[in-house]
Each structure stands twice: as structure tokens, then as C-alpha cells.
Amino acid sequence: MTGRTLSLYISKRFLKSILALFLFAAVLILLFDVLELVRRGGDREGFSLLRIAAISALRVPLLLEQVIPFAVLFGSIWAFVTLSRSLELVVARAAGISVWQFTAPALLTGLFIGIAAVIGYNPGAVYLQQKSDEVAEGLFSVEQTYLLEGSGEVWLRQNGTDGESVLHARHTSGQGATLNGVTIFSFDRQGQFSERIEARRAVLAEGMWRLTDAVVYAVDTDPQHYGNYSVSTFLTPTEVKESIGSPESISFWSLPRFIELSQRAGLPAYRYSLQYQTLLAKPLLLVAMIVIAAAVSLRVSRFGGIGRLIVWGIVAGFVLYAVSEVSKDLGGAGIVPTTVAAWAPGVFGVLMGFTILLNQEDG
């Protein structure tokens, strides 16, 4: 009973510390995001503070997904140092409880947070991001949509009943189904250039792109303006998402289907496979953050030097995060297997942290 009570107490302390830092980061990001959106869209038609707040509140959760490892790291350091300063860890050691026994509840807490972040938080954040795009519809100009979209410029070659065309867009939304700042170079069935089309927006429909506010520059005629214009395409919504959709805009539960569809179509699935493996490896990465926090914090109660040790812990956490980003870049380019790129940072962090703990406690 004593062991169970102590484990629950330590788990609650860590969970509260991590959630407190996560909510603090959420408030800061939301505040700055609202201020930036107000600055960008304050003079736009349809602007209202309530609408801006709704847009920001709906899109911030996806931005916060990158903050979770740091919240776990700093929250764990805070919890360990608090327990050390209050002499609770000293009493636990005096009662014969080893470092591995009172660290285990913290590791289980990190594992629980990681699993919840993958199977629950990620799909919810992706869904809210899509709702944010709907709420922001028509408020920002093409040049300002980068504030709301997760993907940048794209090029796409396609074919249709009228011939081939090359499509360029400044920004995408709706997982690639909606394009902003569109330029299309169209060719006839013989492969000869026929026209260039500039449009404010393009939305994928059945067998065509529906263009809004389009200007058509044909070879032998003057430019013509059209409120609505269409360009044929054989692309399906799934193929567009596979080609230009951002992997971060697809929920954890939908990624296996996109990977399978890409492989069947003969398209590289590195980005989607990497995103899927990265999400699967997130619990291990959070455990690594807690192990690193323990390695730099547990020694405080006996040897002092809290400032220096915490700084080293923060540096170690940022280095681990930087390594994970480099690994993601290598995996996304197909240079290394996506499984290795996604899981290596977590494995490295856990091994490094346990090595330091073993040297400190049992060495």
C-alpha cells in the first residue's frame, strides 16, 4: 500500500507540473497569435475580435504539439527539484527506496502522456486546424494566408480532358484540396502551350479545378477576367493530398491509409511514413526527456549546484530535440529508413539518461 500511495503521489506531482507548463505555453502562444492576427487582419472586411480569437484558439493546439516534449522536460525538472527541495526524496531514500523506484512513476506518467498525445490529442488538433481554416475563410488575403496554413509553395503537374498543365500555388489548405495564389500553365492535346491562368483561389471538384477571380492570358487574345473558371484534371482528392498535402495536417489514424495509397500508386511515401513513425515514437521521446530530467535533477538534493545542472538539462533536451529534427529531415528525404529516423532520438536519449543515472547512483 505504501509503495502504491507513493507512486500515485509522485505521478500526480509530475502530471501537475507538466500540465502547468503546457498550459502556460498555450496561453503565451495564444496571446501572441491573437495579437499577430489582429495586426494582419484588423482592417479587413469581416474582422471581429471574437472571430480572430476563435481562429487562433482552433489552430493553436496543432502548434502546441511541438511544445509537448519541452513541457515534459521542464515540468519533470521542476517536479524533481521541488521534491528535492522539500526533502521528500531525501526521506524516500532514507526509507530504502531507490532512485529507480521513485523514478518509475514519473516514467509511466510520461508514457501515458505520450500515448494520449498520439491517439487523442493529435487527431483532435488536426480536426481543430481544419475548423480554423473554415472560420478564417475569406478574412485574409492570399499574401497573408501563410499565417494560417501549414504548407508553403507547391508545384504540381497534371493531366485532364483538355490536355496537360503545370500548376503552381503559393499556399495550400484543406490538405491540398484548396490552393491560394494559383498560376496554371496549360497545354493542348498536342503539347503546345495554350494559356496561362492567374487565379486567387482554386478548389478541387469532381474532374476539375474551380478557379475564383481568374485572369486568362491566351496566346492570340487579350487577357480575359473571369469570376469563375475551370481547368480539367484527372487528379482525385486523395492523389492531391498525397502529392502536396502536409503530413502534419493528417491525423494519426488516417496516416496508414495514406501510406498504403501512396505505395499502391507508386509514389514515395517517406513523409507520411516518417510522420506516422514519429508519432509512434513520441511516448519514447517523452520518456527520454524525463530520464534526462532525472539525470540532471536528482543530484541536486545532495550536491547542490541547481542552476548549473538545470542549464545542462535544458541544453541536453534542446540537443535531443535538434537531433530528432535532423533525423526527420534525413528520413523525409529517404536518406535513412523512416523507422530509424523516428525512433533513434528517443532511444539515444533513454540510453544517455540511464547511463548517467547508473553512473551517479550505482557507479
Side-chain angles (χ1 to χ4, degrees), residues 4-34 53-54 56-86 88-89 92 101-129 131-132 248 251-252 278-298 300 306 309-311 313-314 316-318 320-321 324 345-346 349-350 353:
R4 180 181 179 184
T5 301
L6 180 61
S7 297
L8 290 176
Y9 174 74
I10 293 176
S11 297
K12 289 180 180 178
R13 289 288 295 268
F14 273 83
L15 187 60
K16 289 180 180 179
S17 299
I18 293 170
L19 289 179
L21 283 178
F22 181 78
L23 292 176
F24 177 72
V27 172
L28 284 181
I29 293 176
L30 179 64
L31 177 61
F32 284 107
D33 192 61
V34 168
S56 184
L58 289 172
R59 82 191 197 99
V60 160
L62 192 60
L63 300 176
L64 283 170
E65 195 170 21
Q66 304 299 321
V67 178
I68 293 177
F70 294 103
V72 171
L73 173 65
F74 299 151
S76 299
I77 292 177
W78 182 13
F80 275 124
V81 171
T82 303
L83 290 172
S84 296
R85 284 297 185 88
S86 61
E88 291 172 278
L89 293 185
Q101 289 176 291
F102 58 72
T103 303
L107 299 179
L108 291 176
T109 301
L111 190 64
F112 169 78
I113 293 175
I115 294 173
V118 172
I119 67 175
Y121 183 87
N122 174 263
V126 170
Y127 174 78
L128 293 178
Q129 173 66 37
K131 291 299 180 182
S132 174
E248 289 77 15
S251 72
F252 170 75
T278 299
L279 289 174
L280 287 177
K282 179 165 286 187
L284 181 63
L285 180 63
L286 300 189
V287 168
M289 291 295 187
I290 294 177
V291 173
I292 291 174
V296 302
S297 303
L298 290 178
V300 172
I306 180 173
L309 292 176
I310 290 180
V311 168
I314 294 173
F318 274 104
L320 183 59
Y321 183 77
S324 67
V350 169

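Nothing here was measured: the structure is a model prediction, and the numbers come from that model.
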Can you give me the closest heavy-atom contact between [X] and [Y], atom names plus distance?
| X | Y | answer |
| --- | --- | --- |
| A106 | I290 | O-CD1, 3.2 Å |
| G353 | A295 | O-CB, 4.1 Å |
| I77 | A293 | CG1-CB, 3.6 Å |
| A117 | I68 | CB-CD1, 4.0 Å |
| V118 | P283 | CG2-CD, 4.1 Å |
| P123 | I119 | CG-O, 3.6 Å |

Given F112, F80, F102, the one that forms ring-ring contact (aromatic ring centres under 6.0 Å, His included) with F14: F80

Any side-chain heavy-atom pair of E65 and L279 under 4.5 Å: yes

Residue pair L111 / L286, side-chain heavy-atom distance below 4.5 Å: no

Which value, rounded to the nearest 0.5 Å, describes the distance between [X] atom [atom1] and [Y] atom [atom2]?
| X | Y | atom1 | atom2 | answer |
| --- | --- | --- | --- | --- |
| L89 | I10 | CG | CD1 | 7.0 Å |
| L108 | L15 | CG | CG | 12.5 Å |
| T278 | N122 | OG1 | CG | 11.0 Å |
| L28 | L64 | CG | CG | 10.0 Å |
| R13 | T82 | CZ | OG1 | 6.0 Å |
| L6 | S11 | CG | OG | 9.0 Å |

Spell out, as yes or no, whether a donor-acceptor pair under 3.5 Å connects the side chain of [X] to the backbone of [Y].
| X | Y | answer |
| --- | --- | --- |
| Y121 | P61 | yes |
| S132 | L128 | no |
| S297 | A294 | no |

Candidate pair L320 and L285, rule side chain to side chain contact (heavy atoms under 4.5 Å, CB included), full reasoning: CA-CA 9 Å; L320 183 59; L285 180 63; 4.1 Å; yes

Side chain to side chain contact (heavy atoms under 4.5 Å, CB included) between F252 and L280, intermediate numbers included: CA-CA 9 Å; F252 170 75; L280 287 177; 3.7 Å; yes

Pair F24-V67, side chain to side chain contact (heavy atoms under 4.5 Å, CB included): steps then yes or no: CA-CA 11 Å; F24 177 72; V67 178; over 6 Å; no

